[in-house]
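One structure is given below, encoded as structure tokens.
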Amino acid sequence: MSKKTIAYLLMGVLLLALGLTGCGGQQPAGGGEKAAVLKVGTEPSFAPFEFQGENDKEYAGFDMDLIRAIGKQMGMQVEIQSMGFDGLIPALEAGNIDVVISGMTITDERVQKVSFSKPYYKSGLTIVTKQGNDQIKGFGDLAGKRIGVQIGTTGADEAKKIKDAQVREFNTPPEAFMELKAGGVDAVINDKPVNDYYMKEAGSKDAQQVGEPLTSEDYGIATAKKNTELSEKINKALDELKKNGEYDKIYEKWFGKKP
Ligand code: GLN
């Protein structure tokens, strides 16, 4: 072997070693590189946005499909963690997770603490009452009533503004619906698309949805304030998914119509 050949061989080995160790961090998936992990927090009792399969406990729903598509677009591996809705923003602030997708409304109060992506879904609040209740027809009829809400939500904020209402906060909307069924509350205030889904799937035997939506709310994907780079990447991925039809496909899968 000539000195030149040995030199080339050594160089080859060196390049290979460099290639294998990589430059760390944000490598796209594929080509043998290990994809960077995107740690996602969600409160998975908010069907059809996030819920867990009855048997496999797999995370399913519109938000879950959307964040997986966004992760793929960014070349990152998506890891989903479940936590209480009121614990999501603190977890972001503490750096325990990178993003929150959880049917979370972009509000002025939250914008003080975290960054949001561009809006990705339009929502609003409606009321669910017991089947046959003809006294509560809208938000104007809720004064002095017992109202169930999910803790830390826009529904909870609105309920607290109602005169003389007794507001009871539950960890999840299904728990509030259970209490409605049991007669412990007169009404539940919650996001319309989730109420729609509950009516369709199970609720309409015992419950009814009433009233025009009280609010117009936009859902956004939250990131830590200091992580502006990630927020920009998410917006870019969202734009691409809207352009290439993937967003529409996911939307139609969960809502049965075009956005
Ligand atoms: N959209 C409501 C909010 O942001 C409720 C979200 C939820 O319960 N997952 O407060």
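Counting convention: from 1, in listed order, for ligands and their atoms alike.
Take Gln52 and apply the side-chain contact (heavy atoms from CB on, under 4.5 Å) test, not counting sequence neighbours, and it matches Pro44, Lys57, Tyr59. For Asp239, the salt bridge (Lys or Arg N to Asp or Glu O under 4.0 Å) partners two or more places apart in sequence, or in a different chain, are Lys118.
Taking any N or O of Ser102, backbone or side chain, at least one lies under 3.5 Å from an N or O belonging to ligand 1.
Set against the non-hydrogen atoms of Thr153, the atoms of ligand 1 under 4.0 Å away are 5 (C), 8 (O), 10 (O). Those atoms of ligand 1 with a heavy atom of Phe85 less than 4.0 angstrom away are 3 (C), 4 (O), 6 (C), 7 (C), 9 (N), 10 (O). Close approach of ligand 1 to Tyr219 is summarised as follows: ligand atoms under 4.0 Å from at least one heavy atom of the residue are 1 (N).
Remark: among candidates Glu217, Glu43, Arg110, the nearest residue to atom 4 (O) of ligand 1 is Arg110, based on non-hydrogen atoms.
Judged by the shortest distance from any of its heavy atoms, Gln150 lies inside the 4.0 Å radius around the atoms of ligand 1. A heavy-atom separation below 4.0 Å is not found between Phe49 and ligand 1.
Counting heavy atoms from C-beta outward, Lys122 and Glu217 have side chains that stay 4.5 Å or more apart.
A salt bridge links Glu158 to Lys161: one of the charged nitrogens lies within less than 4.0 Å of a carboxylate oxygen. The residues Lys192 and Asp196 are annotated as salt-bridged, a charged nitrogen and a carboxylate oxygen being separated by less than 4.0 angstrom.
Of all the heavy atoms of Thr154, the ones lying under 4.0 Å from any atom of ligand 1 are found in both the backbone and the side chain.
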